[in-house]
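Structure first, then comments.
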Amino acid sequence: MSDRATVLMARIDELAKFSEEPHRLVRRSLTPALQQANDLVASWMLAAGMTVRQDAVGNLVGTYAGVAGASKTLILGSHLDSVRDAGKYDGPLGVLAALACVERLHEEGQRLPFAVEVISFVDEEGLRFRTSYLGSSALAGSFNPSWLDYQDEQGVVLADALRRFGGDPADIASCRRNSDDLLGYCEVHIEQGPVLEAEDLPVGVVDGIAGQDRLTVEFTGVAGHAGTVPMARRHDALCAAAELVLAVERTGQATDGLVATMGQIAAEPGASNVIPGHVTLSLDVRHRDDAVRTRAVAALHDEATAIAQRRGVHLVWTSMQSTPAVPCSPQLIGRLAHAIEELGFKVQHLTSGAGHDAVPMASLTDAAMLFVRCKGGISHNPAESVRLDDVNVSLETLYRFVLGMQRDMAL
Ligand SMILES: [Zn+2]
(Lines give C-alpha, C1' and ligand atoms only; values in the text may rest on other atoms or scores of the structure.)
Protein backbone atom coordinates (compact mmCIF):
# COMPACT_ATOMS: atom_id res chain seq x y z
CA MET A 1 0.00 0.00 0.00
CA SER A 2 1.44 3.34 -0.97
CA ASP A 3 1.63 5.87 1.81
CA ARG A 4 0.23 8.43 -0.62
CA ALA A 5 -3.24 7.12 0.20
CA THR A 6 -2.49 7.39 3.92
CA VAL A 7 -1.28 10.95 3.47
CA LEU A 8 -4.41 11.76 1.46
CA MET A 9 -6.68 10.42 4.19
CA ALA A 10 -4.84 12.48 6.84
CA ARG A 11 -5.23 15.56 4.65
CA ILE A 12 -8.95 14.90 4.26
CA ASP A 13 -9.20 14.98 8.06
CA GLU A 14 -7.20 18.22 8.21
CA LEU A 15 -9.42 19.92 5.64
CA ALA A 16 -12.55 18.75 7.47
CA LYS A 17 -11.57 21.02 10.39
CA PHE A 18 -12.20 24.10 8.24
CA SER A 19 -15.90 24.63 8.81
CA GLU A 20 -18.23 27.56 9.37
CA GLU A 21 -19.81 25.69 12.27
CA PRO A 22 -18.03 24.04 15.20
CA HIS A 23 -19.79 20.68 15.34
CA ARG A 24 -20.55 19.89 11.72
CA LEU A 25 -18.95 20.42 8.33
CA VAL A 26 -20.36 23.44 6.48
CA ARG A 27 -17.99 25.07 4.01
CA ARG A 28 -19.88 27.34 1.68
CA SER A 29 -18.36 29.02 -1.31
CA LEU A 30 -16.31 32.23 -0.87
CA THR A 31 -16.17 31.97 2.93
CA PRO A 32 -13.16 32.24 5.27
CA ALA A 33 -13.52 28.48 5.87
CA LEU A 34 -13.04 27.80 2.16
CA GLN A 35 -10.15 30.26 2.11
CA GLN A 36 -8.43 28.33 4.91
CA ALA A 37 -8.92 25.05 3.04
CA ASN A 38 -7.60 26.58 -0.18
CA ASP A 39 -4.58 28.08 1.62
CA LEU A 40 -3.61 24.71 3.04
CA VAL A 41 -4.01 22.99 -0.34
CA ALA A 42 -2.02 25.81 -1.95
CA SER A 43 0.87 25.15 0.45
CA TRP A 44 0.86 21.47 -0.57
CA MET A 45 0.76 22.47 -4.23
CA LEU A 46 3.80 24.72 -3.81
CA ALA A 47 5.67 21.91 -2.07
CA ALA A 48 4.85 19.69 -5.07
CA GLY A 49 6.66 22.01 -7.46
CA MET A 50 3.58 23.78 -8.73
CA THR A 51 2.95 27.45 -9.32
CA VAL A 52 -0.22 28.57 -7.57
CA ARG A 53 -2.72 31.30 -8.28
CA GLN A 54 -6.34 32.16 -7.61
CA ASP A 55 -8.31 33.21 -10.66
CA ALA A 56 -10.89 36.02 -10.83
CA VAL A 57 -13.84 33.80 -9.88
CA GLY A 58 -11.99 32.34 -6.89
CA ASN A 59 -10.79 28.99 -8.24
CA LEU A 60 -7.51 27.78 -6.77
CA VAL A 61 -5.26 26.77 -9.67
CA GLY A 62 -1.98 24.91 -9.26
CA THR A 63 0.14 24.33 -12.36
CA TYR A 64 2.82 21.69 -12.79
CA ALA A 65 4.72 22.79 -15.85
CA GLY A 66 5.47 20.38 -18.67
CA VAL A 67 8.71 20.02 -20.61
CA ALA A 68 10.02 23.14 -22.33
CA GLY A 69 7.78 23.99 -25.25
CA ALA A 70 4.79 22.02 -23.93
CA SER A 71 1.73 23.94 -25.06
CA LYS A 72 -1.22 21.88 -23.83
CA THR A 73 -2.72 21.41 -20.40
CA LEU A 74 -4.49 18.53 -18.71
CA ILE A 75 -6.82 19.69 -15.93
CA LEU A 76 -7.49 17.54 -12.87
CA GLY A 77 -9.65 18.70 -10.00
CA SER A 78 -12.82 18.86 -7.99
CA HIS A 79 -14.21 21.17 -5.28
CA LEU A 80 -13.62 22.04 -1.62
CA ASP A 81 -16.97 23.70 -0.93
CA SER A 82 -19.56 21.51 0.79
CA VAL A 83 -23.22 21.06 1.54
CA ARG A 84 -24.60 21.67 5.06
CA ASP A 85 -23.64 18.92 7.54
CA ALA A 86 -21.47 17.41 4.85
CA GLY A 87 -19.24 14.39 4.64
CA LYS A 88 -15.55 15.08 4.24
CA TYR A 89 -14.82 13.20 1.00
CA ASP A 90 -17.25 14.71 -1.55
CA GLY A 91 -14.97 17.12 -3.41
CA PRO A 92 -11.75 17.07 -1.35
CA LEU A 93 -11.02 13.49 -2.46
CA GLY A 94 -10.79 14.66 -6.09
CA VAL A 95 -8.65 17.72 -5.35
CA LEU A 96 -6.25 15.72 -3.18
CA ALA A 97 -6.08 12.77 -5.62
CA ALA A 98 -5.06 15.23 -8.35
CA LEU A 99 -2.49 16.77 -6.03
CA ALA A 100 -1.11 13.32 -5.09
CA CYS A 101 -0.65 12.54 -8.78
CA VAL A 102 1.44 15.68 -9.29
CA GLU A 103 3.41 15.02 -6.09
CA ARG A 104 4.38 11.65 -7.49
CA LEU A 105 5.48 13.17 -10.80
CA HIS A 106 7.45 15.80 -8.90
CA GLU A 107 9.19 13.29 -6.61
CA GLU A 108 10.06 11.11 -9.57
CA GLY A 109 11.43 14.17 -11.37
CA GLN A 110 9.07 13.60 -14.30
CA ARG A 111 8.13 16.39 -16.67
CA LEU A 112 5.41 15.53 -19.17
CA PRO A 113 4.91 16.87 -22.71
CA PHE A 114 1.99 18.85 -21.27
CA ALA A 115 1.25 20.88 -18.16
CA VAL A 116 -0.94 19.41 -15.42
CA GLU A 117 -3.24 21.79 -13.61
CA VAL A 118 -4.95 20.95 -10.35
CA ILE A 119 -8.05 23.05 -9.77
CA SER A 120 -10.14 23.42 -6.66
CA PHE A 121 -13.36 24.85 -8.10
CA VAL A 122 -14.86 27.62 -6.00
CA ASP A 123 -18.50 26.52 -5.89
CA GLU A 124 -19.80 23.14 -6.98
CA GLU A 125 -22.54 22.52 -4.43
CA GLY A 126 -24.36 25.83 -4.80
CA LEU A 127 -25.30 25.89 -1.11
CA ARG A 128 -24.63 29.57 -0.55
CA PHE A 129 -26.05 31.27 -3.64
CA ARG A 130 -28.22 28.43 -4.97
CA THR A 131 -26.29 28.27 -8.19
CA SER A 132 -23.76 25.53 -8.75
CA TYR A 133 -20.64 25.27 -10.95
CA LEU A 134 -19.67 28.95 -10.52
CA GLY A 135 -15.98 28.21 -10.94
CA SER A 136 -16.08 25.65 -13.72
CA SER A 137 -18.64 27.60 -15.74
CA ALA A 138 -16.26 30.57 -15.68
CA LEU A 139 -13.62 28.35 -17.32
CA ALA A 140 -16.17 27.11 -19.85
CA GLY A 141 -17.36 30.63 -20.66
CA SER A 142 -20.91 29.94 -19.47
CA PHE A 143 -20.81 32.07 -16.30
CA ASN A 144 -23.93 34.19 -16.28
CA PRO A 145 -23.08 37.75 -15.08
CA SER A 146 -26.52 38.03 -13.44
CA TRP A 147 -25.31 35.48 -10.85
CA LEU A 148 -23.08 38.23 -9.39
CA ASP A 149 -26.21 39.89 -8.00
CA TYR A 150 -27.41 36.77 -6.16
CA GLN A 151 -27.59 37.05 -2.38
CA ASP A 152 -26.95 34.46 0.31
CA GLU A 153 -29.21 33.93 3.36
CA GLN A 154 -27.51 36.81 5.19
CA GLY A 155 -28.10 39.17 2.26
CA VAL A 156 -24.45 39.16 1.16
CA VAL A 157 -24.20 39.78 -2.58
CA LEU A 158 -22.09 37.31 -4.54
CA ALA A 159 -19.97 40.03 -6.15
CA ASP A 160 -19.07 41.44 -2.70
CA ALA A 161 -18.28 37.99 -1.31
CA LEU A 162 -16.06 37.36 -4.32
CA ARG A 163 -14.19 40.66 -3.81
CA ARG A 164 -13.60 39.80 -0.16
CA PHE A 165 -12.30 36.39 -1.26
CA GLY A 166 -9.71 38.12 -3.44
CA GLY A 167 -11.54 37.64 -6.72
CA ASP A 168 -12.58 40.21 -9.30
CA PRO A 169 -16.23 40.20 -10.42
CA ALA A 170 -15.40 42.57 -13.28
CA ASP A 171 -12.86 40.17 -14.71
CA ILE A 172 -14.69 36.81 -14.78
CA ALA A 173 -14.08 36.65 -18.52
CA SER A 174 -10.34 36.24 -17.86
CA CYS A 175 -11.04 32.78 -16.39
CA ARG A 176 -12.26 31.50 -19.71
CA ARG A 177 -10.11 28.82 -21.33
CA ASN A 178 -9.45 28.06 -24.94
CA SER A 179 -10.37 24.48 -25.92
CA ASP A 180 -7.38 24.29 -28.23
CA ASP A 181 -5.02 24.64 -25.26
CA LEU A 182 -6.55 21.76 -23.34
CA LEU A 183 -6.07 17.99 -23.45
CA GLY A 184 -9.01 17.26 -21.22
CA TYR A 185 -10.42 17.22 -17.71
CA CYS A 186 -10.53 14.32 -15.28
CA GLU A 187 -12.17 14.29 -11.84
CA VAL A 188 -11.96 11.67 -9.12
CA HIS A 189 -15.09 11.60 -6.93
CA ILE A 190 -16.89 9.34 -4.49
CA GLU A 191 -19.59 7.33 -6.24
CA GLN A 192 -22.52 8.63 -4.12
CA GLY A 193 -24.30 5.41 -5.04
CA PRO A 194 -24.26 1.70 -4.15
CA VAL A 195 -23.12 0.02 -7.38
CA LEU A 196 -19.38 -0.32 -6.73
CA GLU A 197 -20.04 -1.68 -3.26
CA ALA A 198 -22.51 -4.21 -4.64
CA GLU A 199 -20.01 -5.26 -7.32
CA ASP A 200 -17.17 -5.32 -4.77
CA LEU A 201 -15.02 -3.00 -6.86
CA PRO A 202 -12.81 -0.11 -5.66
CA VAL A 203 -13.36 2.20 -8.62
CA GLY A 204 -15.55 2.66 -11.70
CA VAL A 205 -15.53 4.72 -14.88
CA VAL A 206 -18.27 7.26 -15.49
CA ASP A 207 -19.76 7.06 -18.98
CA GLY A 208 -21.82 10.18 -18.58
CA ILE A 209 -23.79 12.42 -16.28
CA ALA A 210 -27.53 11.90 -16.40
CA GLY A 211 -29.82 14.51 -17.88
CA GLN A 212 -32.48 15.82 -15.54
CA ASP A 213 -36.02 17.17 -15.71
CA ARG A 214 -37.42 19.06 -12.75
CA LEU A 215 -41.14 19.76 -12.78
CA THR A 216 -43.88 21.09 -10.57
CA VAL A 217 -47.19 19.24 -10.69
CA GLU A 218 -50.40 20.73 -9.29
CA PHE A 219 -53.79 19.10 -8.86
CA THR A 220 -56.75 21.32 -8.03
CA GLY A 221 -59.93 19.61 -6.84
CA VAL A 222 -62.62 20.80 -4.49
CA ALA A 223 -62.02 21.26 -0.79
CA GLY A 224 -64.92 20.13 1.36
CA HIS A 225 -66.07 18.86 4.74
CA ALA A 226 -64.54 15.50 5.57
CA GLY A 227 -67.74 14.51 7.36
CA THR A 228 -70.45 15.62 4.99
CA VAL A 229 -69.26 15.18 1.38
CA PRO A 230 -69.97 11.57 0.32
CA MET A 231 -67.08 9.61 -1.14
CA ALA A 232 -68.68 9.38 -4.59
CA ARG A 233 -68.95 13.16 -4.86
CA ARG A 234 -65.40 14.10 -3.98
CA HIS A 235 -62.69 15.67 -6.10
CA ASP A 236 -59.81 14.97 -3.75
CA ALA A 237 -56.57 16.51 -5.06
CA LEU A 238 -54.39 14.47 -2.69
CA CYS A 239 -55.87 11.16 -3.87
CA ALA A 240 -54.99 12.18 -7.44
CA ALA A 241 -51.47 13.01 -6.26
CA ALA A 242 -51.19 9.66 -4.48
CA GLU A 243 -52.00 7.84 -7.72
CA LEU A 244 -49.38 9.83 -9.56
CA VAL A 245 -46.69 9.21 -6.92
CA LEU A 246 -47.09 5.46 -7.41
CA ALA A 247 -47.20 5.84 -11.20
CA VAL A 248 -43.90 7.72 -11.01
CA GLU A 249 -42.38 4.90 -8.99
CA ARG A 250 -43.66 2.27 -11.46
CA THR A 251 -42.27 4.25 -14.40
CA GLY A 252 -38.85 4.48 -12.79
CA GLN A 253 -38.84 0.78 -11.95
CA ALA A 254 -39.90 -0.23 -15.47
CA THR A 255 -36.98 1.37 -17.33
CA ASP A 256 -33.35 0.41 -16.89
CA GLY A 257 -31.31 3.31 -15.51
CA LEU A 258 -34.29 5.63 -15.08
CA VAL A 259 -34.81 7.33 -11.70
CA ALA A 260 -38.01 9.23 -10.98
CA THR A 261 -38.83 10.89 -7.67
CA MET A 262 -41.56 13.02 -6.13
CA GLY A 263 -39.71 14.47 -3.16
CA GLN A 264 -41.96 17.32 -2.11
CA ILE A 265 -45.69 17.39 -1.52
CA ALA A 266 -47.91 20.08 -0.04
CA ALA A 267 -51.64 19.56 0.48
CA GLU A 268 -53.98 22.50 1.08
CA PRO A 269 -55.77 23.61 3.09
CA GLY A 270 -54.03 20.96 5.22
CA ALA A 271 -56.54 20.16 7.93
CA SER A 272 -57.55 16.76 9.26
CA ASN A 273 -61.24 17.37 8.67
CA VAL A 274 -61.03 18.94 5.22
CA ILE A 275 -60.82 17.18 1.85
CA PRO A 276 -57.60 18.41 0.18
CA GLY A 277 -58.49 20.88 -2.56
CA HIS A 278 -55.05 21.67 -3.90
CA VAL A 279 -51.82 19.69 -4.00
CA THR A 280 -48.39 20.72 -5.27
CA LEU A 281 -45.71 18.12 -5.97
CA SER A 282 -42.17 18.12 -7.29
CA LEU A 283 -41.05 15.65 -9.93
CA ASP A 284 -37.41 14.81 -10.66
CA VAL A 285 -36.61 12.48 -13.59
CA ARG A 286 -33.09 11.48 -14.65
CA HIS A 287 -31.53 9.18 -17.24
CA ARG A 288 -28.27 8.98 -19.18
CA ASP A 289 -30.21 8.97 -22.47
CA ASP A 290 -32.15 12.19 -23.14
CA ALA A 291 -34.67 10.42 -25.40
CA VAL A 292 -35.53 7.87 -22.70
CA ARG A 293 -35.93 10.66 -20.13
CA THR A 294 -38.09 12.78 -22.42
CA ARG A 295 -40.33 9.80 -23.26
CA ALA A 296 -40.72 8.99 -19.56
CA VAL A 297 -41.72 12.57 -18.71
CA ALA A 298 -44.24 12.61 -21.59
CA ALA A 299 -45.71 9.28 -20.44
CA LEU A 300 -46.05 10.61 -16.89
CA HIS A 301 -47.75 13.72 -18.20
CA ASP A 302 -50.28 11.49 -20.02
CA GLU A 303 -50.76 9.45 -16.85
CA ALA A 304 -51.33 12.60 -14.76
CA THR A 305 -53.81 13.91 -17.34
CA ALA A 306 -55.74 10.62 -17.23
CA ILE A 307 -55.78 10.64 -13.41
CA ALA A 308 -57.05 14.24 -13.39
CA GLN A 309 -59.83 13.45 -15.90
CA ARG A 310 -60.95 10.34 -14.05
CA ARG A 311 -61.13 12.20 -10.75
CA GLY A 312 -62.53 15.49 -12.08
CA VAL A 313 -59.59 17.55 -10.86
CA HIS A 314 -57.55 20.13 -12.74
CA LEU A 315 -53.92 19.46 -13.64
CA VAL A 316 -51.14 22.03 -14.11
CA TRP A 317 -47.85 20.53 -15.33
CA THR A 318 -44.88 22.96 -15.26
CA SER A 319 -41.33 22.26 -16.37
CA MET A 320 -38.90 24.07 -14.05
CA GLN A 321 -35.62 22.93 -15.54
CA SER A 322 -34.45 20.51 -18.18
CA THR A 323 -30.74 19.74 -18.53
CA PRO A 324 -29.43 17.33 -21.15
CA ALA A 325 -27.22 14.37 -20.35
CA VAL A 326 -23.49 14.97 -20.57
CA PRO A 327 -21.49 12.17 -22.16
CA CYS A 328 -17.91 11.67 -21.04
CA SER A 329 -15.19 11.46 -23.66
CA PRO A 330 -14.92 7.93 -25.13
CA GLN A 331 -11.17 8.41 -25.48
CA LEU A 332 -10.66 9.35 -21.85
CA ILE A 333 -13.10 6.63 -20.71
CA GLY A 334 -10.92 4.17 -22.63
CA ARG A 335 -7.76 5.43 -20.94
CA LEU A 336 -9.26 5.14 -17.46
CA ALA A 337 -10.61 1.67 -18.28
CA HIS A 338 -7.20 0.60 -19.52
CA ALA A 339 -5.55 1.81 -16.31
CA ILE A 340 -8.09 -0.09 -14.19
CA GLU A 341 -7.52 -3.28 -16.20
CA GLU A 342 -3.77 -2.94 -15.77
CA LEU A 343 -4.35 -2.95 -12.04
CA GLY A 344 -6.27 -6.21 -12.36
CA PHE A 345 -9.79 -4.98 -11.70
CA LYS A 346 -12.97 -5.42 -13.70
CA VAL A 347 -14.02 -2.20 -15.45
CA GLN A 348 -17.40 -1.11 -14.12
CA HIS A 349 -19.14 1.58 -16.16
CA LEU A 350 -21.42 3.95 -14.27
CA THR A 351 -23.78 6.83 -14.96
CA SER A 352 -23.58 9.72 -12.56
CA GLY A 353 -27.04 10.65 -11.32
CA ALA A 354 -25.60 13.71 -9.60
CA GLY A 355 -24.14 16.76 -11.31
CA HIS A 356 -20.44 17.66 -11.11
CA ASP A 357 -18.00 20.30 -12.35
CA ALA A 358 -17.44 17.85 -15.22
CA VAL A 359 -20.79 19.08 -16.65
CA PRO A 360 -19.59 22.58 -17.63
CA MET A 361 -16.07 21.26 -18.26
CA ALA A 362 -17.45 18.78 -20.84
CA SER A 363 -18.67 21.74 -22.90
CA LEU A 364 -15.08 23.04 -22.94
CA THR A 365 -12.93 19.94 -23.38
CA ASP A 366 -12.92 16.12 -23.21
CA ALA A 367 -14.12 15.20 -19.72
CA ALA A 368 -13.93 12.03 -17.67
CA MET A 369 -14.65 10.94 -14.11
CA LEU A 370 -13.38 8.13 -11.93
CA PHE A 371 -15.73 7.08 -9.14
CA VAL A 372 -14.47 5.60 -5.88
CA ARG A 373 -16.57 3.17 -3.84
CA CYS A 374 -18.12 4.79 -0.76
CA LYS A 375 -19.66 2.99 2.17
CA GLY A 376 -23.36 2.32 1.73
CA GLY A 377 -23.43 4.68 -1.25
CA ILE A 378 -23.94 7.46 1.31
CA SER A 379 -22.99 11.06 0.51
CA HIS A 380 -23.94 14.60 1.55
CA ASN A 381 -23.90 13.18 5.05
CA PRO A 382 -21.27 13.04 7.82
CA ALA A 383 -21.43 9.23 7.48
CA GLU A 384 -19.59 9.41 4.14
CA SER A 385 -16.81 6.87 4.27
CA VAL A 386 -14.11 5.73 1.87
CA ARG A 387 -11.63 2.86 2.24
CA LEU A 388 -7.88 3.45 2.27
CA ASP A 389 -7.17 0.63 -0.20
CA ASP A 390 -9.79 2.02 -2.60
CA VAL A 391 -8.17 5.45 -2.43
CA ASN A 392 -4.89 3.74 -3.23
CA VAL A 393 -6.41 2.15 -6.35
CA SER A 394 -7.87 5.50 -7.43
CA LEU A 395 -4.46 7.21 -7.08
CA GLU A 396 -2.74 4.48 -9.06
CA THR A 397 -5.46 4.63 -11.74
CA LEU A 398 -5.20 8.41 -12.08
CA TYR A 399 -1.41 8.28 -12.27
CA ARG A 400 -1.52 5.63 -15.01
CA PHE A 401 -4.21 7.61 -16.82
CA VAL A 402 -1.98 10.69 -16.88
CA LEU A 403 1.05 8.72 -18.06
CA GLY A 404 -1.11 7.05 -20.70
CA MET A 405 -1.86 10.49 -22.05
CA GLN A 406 1.85 11.06 -22.42
CA ARG A 407 2.27 7.75 -24.27
CA ASP A 408 -0.50 8.64 -26.71
CA MET A 409 1.06 12.05 -27.40
CA ALA A 410 4.39 10.43 -28.17
CA LEU A 411 2.85 8.22 -30.88
ZN1 LIG B 1 -18.95 16.71 -5.27
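Whatever order the structure lists ligands and atoms in, that order sets their numbers, starting from 1. When reading the values below, keep in mind they use all heavy atoms of this one structure, side chains included, and skip hydrogens, waters and symmetry mates.
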Legend entry - Heavy atoms of other groups near Asp256 CG, more than 12 under 6.0 Å: no
Legend entry - the Zn ion (ligand 1) to Asp90: nearest N/O/S atom name: OD1
Inset, instruction - Determine the interplanar angle of the Trp317 and His301 rings, folded into 0 to 90°, and report it as parallel if under 30°, tilted if 30 to 60°, perpendicular if over 60°. - result: parallel
Inset, instruction - Check whether any N, O or S atom of Glu125 sits under 2.8 Å from the Zn ion (ligand 1). - result: no
Legend entry - Metal proximity, His356 vs the Zn ion (ligand 1), N/O/S cut-off 2.8 Å: no
Inset, instruction - May I ask you to decide if Glu124's main-chain N or O and Asp81's side chain share a donor-acceptor pair within less than 3.5 Å? - result: yes
Legend entry - More than 12 heavy atoms of other groups within 6.0 Å of Gln331 CD: no
